[in-house]
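Some notes on the structure that comes next.
Note that this is a predicted model, so its numbers are computed, not measured. Scope of the values below: all heavy atoms of this structure, side chains included, with no hydrogens, waters or symmetry mates.
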Amino acid sequence: MTGPAVPPGGRVPPGERVPTGERMGAGIRVLLVDDHPMIRSGLRAMLETDPAISVVGEAGDGDAAVVEARRLRPDVALVDVRMPVRDGIDATRRITAEGLAAVVVLTTFDLDEYVFGAIRAGAAGFLLKSTDARTLLEAVHRVAAGEGMLSPAVTRRVLEAVASRAPAPDAPPAVTAARASASPAFDELTPRERDVLACLAEGLGNQAIADRLVITETTAKSHVSRVLMKLGCSSRLQAAVVARDAGFAG
C-alpha cells in the first residue's frame with residue numbers, strides 16, 4: 001500500500017501521519033510553532049520565498065508541536081519560547097530527545113532563564129522574531145545541514161551573561177563544569193580540537209572553521225563532533241558558551 005498523496009507544496013493534511021523515515025519531496029521541511037497565527041503566517045511567507053524550503057505543518061502550542069513533529073518528521077522546527085499548554089523549552093527538549101527535528105528557537109526575550117533552558121534542551125539555533133528574511137533562510141539551511149545558527153544579538157547576550165555572572169540555575173551542566181580550571185574534559189582536547197573550540201566560540205560554521213584552520217570542511221565537521229562529545233555538549237551553542245567561559249576566545 002502506498003502512503004498518502006502529498007498535496008502541492010509538500011504540506012501534510014492534519015491527521016495524516018507521515019511514515020517514519022519517509023521524506024516527501026526534495027528540500028528542507030519545516031514545522032512552524034507559535035501561538036500567534038499572524039506570526040506563523042509571516043514566517044511562512046518569508047520561508048516560502050525559497051524554493052528549497054517547504055513549510056509542512058504548524059502548531060500553536062508546545063504539546064501540538066511535539067505531536068506534529070512526531071507525525072511529520074520535519075528537518076527543522078522553528079519554535080517560539082513562550083506558549084500556552086507546554087512552553088517552547090519543554091517542547092524543544094522532547095523534540096530533540098526523540099531526534100524528531102533540529103530546533104531553532106524564536107524569541108523576543110530580554111535575556112532570562114529561557115536562554116539557558118533552550119541551550120540545555122538542545123536547541124541548534126536562536127533567532128529574534130525581528131530577524132530579516134535573509135537571516136531566517138540562512139538559519140534554516142545551516143541548521144538543516146547540521147550546523148548552528150545564532151542571532152548576533154542573542155549570542156552577545158548569552159556570552160555577556162556567562163562572562164558577568166555565574167550560570168543561571170537552568171544552565172547546561174557543561175557550562176557549570178567549564179568553570180573548573182582543571183576540567184578533565186578540556187584536558188582531553190587535542191591542540192587542534194582546542195583551535196576548533198575557539199572557532200566555535202566565535203560562532204563560525206564548518207566551512208569558516210575549515211578556512212581558518214586550513215583543513216577540509218569534512219575534517220572540520222569531524223573535529224566539531226569530537227569536541228562536542230568530549231565536552232558533553234549537545235549543540236554548538238553549548239560549546240560556544242563553554243569555550244567563552246573557559247577563555248578560549250576574547
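Formation of a donor-acceptor pair under 3.5 Å by the T131 side chain with backbone atoms of L128 is not found in this model. Between the R73 side chain and the L100 main chain, no donor and acceptor come within less than 3.5 Å of each other.
Distance CG/D195 to NE2/H223: 9.0 Å, rounded to 0.5 Å. The CZ atom of R134 sits 12.5 Å away from the CE atom of M46 when rounded to the nearest 0.5 Å. For the atom pair CD (Q207) and NZ (K221), the distance works out to 9.0 Å, reported to the nearest 0.5 Å. Here the OG-CG distance, from S41 to D34, works out to 11.5 Å after rounding to the nearest 0.5 Å. Between T92 atom OG1 and R86 atom CZ the span is 11.0 Å, to the nearest 0.5 Å.
When all heavy atoms of A91 and A65 are compared, the pair lying nearest together is CB-CB, 4.4 Å. Of all the heavy atoms in G60 and R40, the pair that sits closest is CA-NH1, 3.8 Å. Taking every heavy atom of both residues into account, A101 and P74 meet most closely at CB-O, 3.4 Å. Here the shortest heavy-atom pairing between A69 and I95 reads CB-CG1, 4.0 Å. Here the shortest heavy-atom pairing between P51 and T49 reads CD-O, 3.6 Å. A pairwise comparison of heavy atoms in T96 and G122 identifies CG2-O, 3.7 Å as the closest pair.
Two residues are said to be in side-chain contact when any heavy atoms from C-beta on lie closer than 4.5 Å; V140 and L137 fail this criterion. The shortest distance between side-chain heavy atoms of V104 and V79 does not fall below 4.5 Å. Side-chain contact between R29 and V55 is absent, with no heavy-atom pair separated by less than 4.5 Å. Using a 4.5 Å heavy-atom cutoff, the side chains of E58 and V33 are not in contact. Between R192 and L213 there is a side-chain heavy-atom pair separated by less than 4.5 Å. The closest side-chain heavy-atom distance from I209 to E217 is not below 4.5 Å.
For T216, the side chain to side chain contact (heavy atoms under 4.5 Å, CB included) criterion is met by T218, T219, not counting sequence neighbours. Listed by chain and number, the residues in a side chain to side chain contact (heavy atoms under 4.5 Å, CB included) with D35 are D80, M83, P84 (sequence neighbours excluded).
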Determine, stepwise, if the pair V81 / L106 fulfils side chain to side chain contact (heavy atoms under 4.5 Å, CB included). CA-CA 6 Å; V81 171; L106 297 169; over 6 Å; no
Step by step, work out the side chain to side chain contact (heavy atoms under 4.5 Å, CB included) result for R194 and V227. CA-CA 8 Å; R194 286 172 175 262; V227 168; over 6 Å; no
Could you walk me through whether E193 and L197 pass side chain to side chain contact (heavy atoms under 4.5 Å, CB included), step by step? CA-CA 6 Å; E193 288 167 353; L197 182 58; over 6 Å; no
Quick one, R44 with L47, criterion side chain to side chain contact (heavy atoms under 4.5 Å, CB included). Give me CA distance, side-chain angles, the key distance, then yes/no. CA-CA 5 Å; R44 179 187 287 274; L47 291 171; 5.8 Å; no
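A salt bridge links R142 with E138: at least one charged nitrogen is closer than 4.0 Å to a carboxylate oxygen. Comment: E188 does not engage K230 in a salt bridge, judged by the lack of any side-chain N to carboxylate O separation of less than 4.0 angstrom.
Between I53 and the choices V76, D75, V30, the side-chain contact (heavy atoms from CB on, under 4.5 Å) rule is met once, by V30. With respect to L78, the side-chain contact (heavy atoms from CB on, under 4.5 Å) criterion is satisfied by exactly one of L136, L31, I39: L136.
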